[in-house]
Structure formats: C-alpha cells, structure tokens
2 protein chains.
Amino acid sequence: MSTSERLIDATRELLWERGYVGTSPKAILERADAGQGSMYHHFKGKPDLALAAIRRTAEELLATAEGVLDGPGTPYERIEAYLRRERDVLRGCPVGRLTMDPDIIASDELRAPVDETLDRIRERIAAIVEEGKEQGQFAPSLDGEEIAAAVLATVQGGYVLARASGSADAFDAGVRGLLSLLAPDRPA
Amino acid sequence: MSTSERLIDATRELLWERGYVGTSPKAILERADAGQGSMYHHFKGKPDLALAAIRRTAEELLATAEGVLDGPGTPYERIEAYLRRERDVLRGCPVGRLTMDPDIIASDELRAPVDETLDRIRERIAAIVEEGKEQGQFAPSLDGEEIAAAVLATVQGGYVLARASGSADAFDAGVRGLLSLLAPDRPA
DNA sequence: GTCTATATTCGGATAGAC
DNA sequence: GTCTATCCGAATATAGAC
C-alpha cells in the first residue's frame, strides 16, 4: 500500500477512536509508519489529511447502509435489517461521532461529508417508509421524513447509550423498542 | 463566587463545548480568571477537576429531566413533554457528548456519572411506560425498558443529526416521528 | 518522495515565594 | 490561597538536505 494510503487509513482509525481534536499528526505518523516529510508532501496539513480520511469513511458507510436498505424484503424488513445490521457498537459510529468534535463542526468543509452521508441515508429510509405506506404496511398518517429521522436518531443515540454503559445492550434495547412501535402487526 | 466554583463552572462550559480531550487546563484558567496555583491547590489535576464538573452537570441534567417526567399529565403527555422540552439542540447534550470522549470512556470514575444519569432517566421513562400500559394508554406488548431506550436514543441521536446538519430541524423531526409511533390514538 | 533538523506554542504539572 | 517561575514533552508545522 502506498504511503499516502497508509496515512489515510491511520487517520481514519484514529478519528474513529479519538476524534479530530484527540488525534495528533505524530500519532498518525506512528500508526502509518511514515515520516513527517511524507505527510506534508502528500497533504497540506492535518485538516487536509482528515478531510481525505473522512470522505473515505463516509463513502464506505453510505455504501454499507445502502447495501442493506436496498436489499430484499418488505419495507419494514429492510428497515429492520438496517437497524439490526452488525455493528461495532462500543466503537461508536465513525461518522456520527465526528459531530461531537468542535473543530469538525466549526469547519464547513470537514462537516460537509458527515452531513451529506447522514442526509442520504435518511432520504433512503424516508423513501422506503413512503413505499411501505403505499403498500399498506405502514399507517398513512406516518411521515416518511420523520420516521427516517427517528430511525437514524435511534441508531446514533444507541451508540451513546451503549458507550455510556459500556455494553451493547442499551443499543439493542432501543432498536427493539423502535421496531416494536414500527411493526406492521403491532397490536393497537 | 469562589475561585473553586469558578473553576468548576469554566470546566463545565468547556467540557460541553470541546469535550475532555479538547479542554486544556490553560483554557480553563483563562475562562475562570484564575491562576495555575489556584487550580492545583483546589484540585489534584485535570481529571479531578473534570470529575467535579461532570458530577455537577449530571446532577443538574437529572433534576431537569425528572422535573419534566414527574410533571402533570398522562404517561404519553409526560414523555412528550420530555421529548419536546426546550433544549439548546445545536450545543448537544452536555452529558451524552462525553461518551464520545476516549479519555472519559477509558476512566471508570469519569464515565460513572454519565452512565448513572442516563440510566436513571431511562428507568424513570420505563416506569412511566409501564404506568401507561396499566392505564391502557400503551399496548401491553410494549416493553417499558425498550421504549425508554428508544426515547433516550432518539434524543441523543437527534443531537447528532442536528449538529451534522447545522440545524435543529432534524432533532425535531426525529421527535415527531417517535411521538407519531407512540401516540395512543395512532391509526393502525 | 522521504529524511532530519529546527521553531513555536500548548498541555499538564511541580516548586517555592508571597 | 494565590502567584510566578520553571520543566518536559507533545502539537503543528517549516526548511532544506538527500
């Protein structure tokens, strides 16, 4: 793998583990087994390298999410598959966690890929909910955009609860709670 | 206000804005208008001061949440009041954001107040859901603990979505989505 | 492209005077 | 209790040799 790729990969890992403010160029260089010269040759500096890393992570996450959401099954089943897909719950969301980073939020450039990724997943879920309404699987009174926001928020918030307690249980409980409310055959 | 109180308050603000790794003793001292000597006289160091600050913030948040949850109204109305209560959405949750801080998660002592606060709110909501089930307002099939986790996760995740997009809209959408699913008079 | 050397400021803390 | 002085390593970079 090229030095530049190793730098991006190391940065992706560290951004996930420690966030932007918690990640130093030195730590990146150590993990990538590269020298300072390489880093400043390939990238303008920490923000530039972080941008490349965030874009890569965002692309991958979007592809994974769309892969599940566009899979087989009824609208409810596809949303369930998204909520229940395998996750490294205690590590948190590699994209969502960036929203707690003040330097990311302060930079439109760094925030953009985060915003765009979550937004696209939300749109995709919203469309699936609308589909389910047409098929009579979901109540016509439900709003696709709102349900999509609730689904995404449950996932993102599930990570928070799980990390607070040190266990994935809270994430799973939240998902089961939301699914029990969303289930087409839910008893009134 | 005493120097020690000013140090705690400054630390609370900075932990909310920048997290633990993003908060330096120097920044705390500047905001508290105190000297280094004062800080190391009153506290053992950064972790000790942060612990005092986190405990204070956690207590306040718990009191606020319980105040709303124990207010008047039906179980549904009290959960709605909790979800809709005024929040500084774009600033994020002063307690929940700490879960994205690697140094907080790595320390059982610093994580404890975060875990305990979220857990107590969850328990309180779970009890209210059970109450609603007894009164026939919620379906008997719902699990109090799971619904409580979903409610808390929607709030915590709502902060994430809002900060990603730079607007409180996504938070409100998620809350409306969850409430539309939870509403007692929800059309099947 | 990569290396080493150097610079500047910050992070986190200790020592000792007042 | 608070202040100043000081310490040492890390953070973020630039310069210039190879």
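So that the names make sense, note that chain A is the first sequence line, chain B the second, and so on, each numbered from 1.
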*Asks:* For DNA chain D, which residues of residues 102-112 of chain B approach it to below 4.0 angstrom with any heavy atom?
*Replies:* none
*Asks:* Strictly below 4.0 Å: does B:Lys26 bring a side-chain N or O up to OP1 or OP2 of C:dG11?
*Replies:*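 It does not, given that no N or O in the side chain of B:Lys26 lies less than 4.0 Å from OP1 or OP2 of C:dG11.
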*Asks:* Summarise protein proximity over nucleotides 13-18 of chain D in one line of letters, 5' to 3': B for base, S for sugar-phosphate only, - for none, counting protein heavy atoms closer than 4.0 Å.
*Replies:* BB----
*Asks:* When you measure from the side-chain N and O atoms of A:Thr3 to the phosphate of C:dT2, is any distance below 4.0 Å, counting only OP1 and OP2?
*Replies:* yes
*Asks:* Quick one: on DNA chain D, does B:Gly35 or A:Ala27 contact a more 5' nucleotide (nearest heavy atom)?
*Replies:* B:Gly35
*Asks:* May I have the distance from A:Leu14 (atom CG) to D:dA10 (atom P), rounded to whole angstrom?
*Replies:* 15 Å
*Asks:* Can you tell me the distance, in whole Å, between the CG atom of B:Leu49 and the C1' atom of C:dA13?
*Replies:*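 So the two atoms are 14 Å apart, to the nearest Å.
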*Asks:* Grab the CG-P distance between A:Leu7 and C:dG1 for me, whole Å please.
*Replies:*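 Rounded to the whole Å, the gap is 13 Å.
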*Asks:* What I'd like to find out is whether the side chain of B:Gln135 reaches to under 4.5 Å of the side chain of B:Glu131, using heavy atoms alone.
*Replies:* yes
*Asks:* Classify A:Thr23 by what it touches in the nucleic acid, base, sugar-phosphate, or nothing, heavy-atom distance under 4.0 Å.
*Replies:*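 Answer is sugar-phosphate: A:Thr23 comes under 4.0 Å of backbone atoms only.
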*Asks:* Give the intermediate values and the outcome of side chain to side chain contact (heavy atoms under 4.5 Å, CB included) for residues A:Arg12 and A:Ile54.
*Replies:* CA-CA 7 Å; A:Arg12 292 178 62 191; A:Ile54 291 169; over 6 Å; no
*Asks:* side-chain hydrogen bond (donor to acceptor under 3.5 Å, both in side chains) with A:Arg85: which residues, sequence neighbours excluded?
*Replies:*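 Counting only residues at least two positions away or on another chain, A:Arg85 forms no side-chain hydrogen bond (donor to acceptor under 3.5 Å, both in side chains).
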*Asks:* Please list, chain by chain and in numerical order, all residues satisfying side-chain hydrogen bond (donor to acceptor under 3.5 Å, both in side chains) with A:Arg55, sequence neighbours excluded.
*Replies:*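 With neighbours one apart ignored, the set is empty.
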*Asks:* Please state how far atom CZ in A:Arg18 lies from atom P in D:dA10, giving the value in whole angstrom units.
*Replies:* 13 Å
*Asks:* Any salt bridge (charged side-chain N to carboxylate O under 4.0 Å, His left out) involving residues 95-105 of chain A? Give me the pairs, sequence neighbours left out, ordered by first then second residue.
*Replies:* A:Arg97-A:Asp101, A:Asp103-B:Arg18
*Asks:* Please give, in whole Å, the distance from C:dT2 P to A:Leu29 CG?
*Replies:*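 Nearest whole value for this atom pair: 12 Å.
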*Asks:* Check the distance between D:dT12's C1' and A:Asp48's CG and give it to me in whole angstrom.
*Replies:* 14 Å
*Asks:* List in chain and number order the residues that pass side-chain hydrogen bond (donor to acceptor under 3.5 Å, both in side chains) with B:Lys46, two or more places apart in sequence or in another chain; answer none if no residue qualifies.
*Replies:* none
*Asks:* Would you tell me if any nitrogen or oxygen in the side chain of A:Ser38 comes within less than 4.0 Å of OP1 or OP2 on C:dC3?
*Replies:* yes
*Asks:* Hydrophobic clusters join Ile, Leu, Val, Met, Phe, Trp and Tyr when side-chain heavy atoms are under 4.5 Å apart, directly or via other members; which others share one with A:Ile105?
*Replies:*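 Cluster partners of A:Ile105: none, it stands alone.
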*Asks:* Side chain of A:His42 only, heavy atoms from C-beta on: which candidate in D:dC3, C:dT2, D:dG1 is closest?
*Replies:*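 The answer is C:dT2, which lies nearest to the side chain.
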*Asks:* With sequence neighbours left out, what residues match B:Tyr82 under side-chain hydrogen bond (donor to acceptor under 3.5 Å, both in side chains)?
*Replies:*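 None.
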*Asks:* Run through the side-chain heavy atoms of Ile, Leu, Val, Met, Phe, Trp and Tyr, join any pair under 4.5 Å, and report what else lands in B:Leu14's cluster.
*Replies:*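 Its cluster mates, by chain and number, are B:Leu7, B:Ile8, B:Ile28, B:Leu29, B:Met39, B:Tyr40, B:Phe43, B:Leu49.
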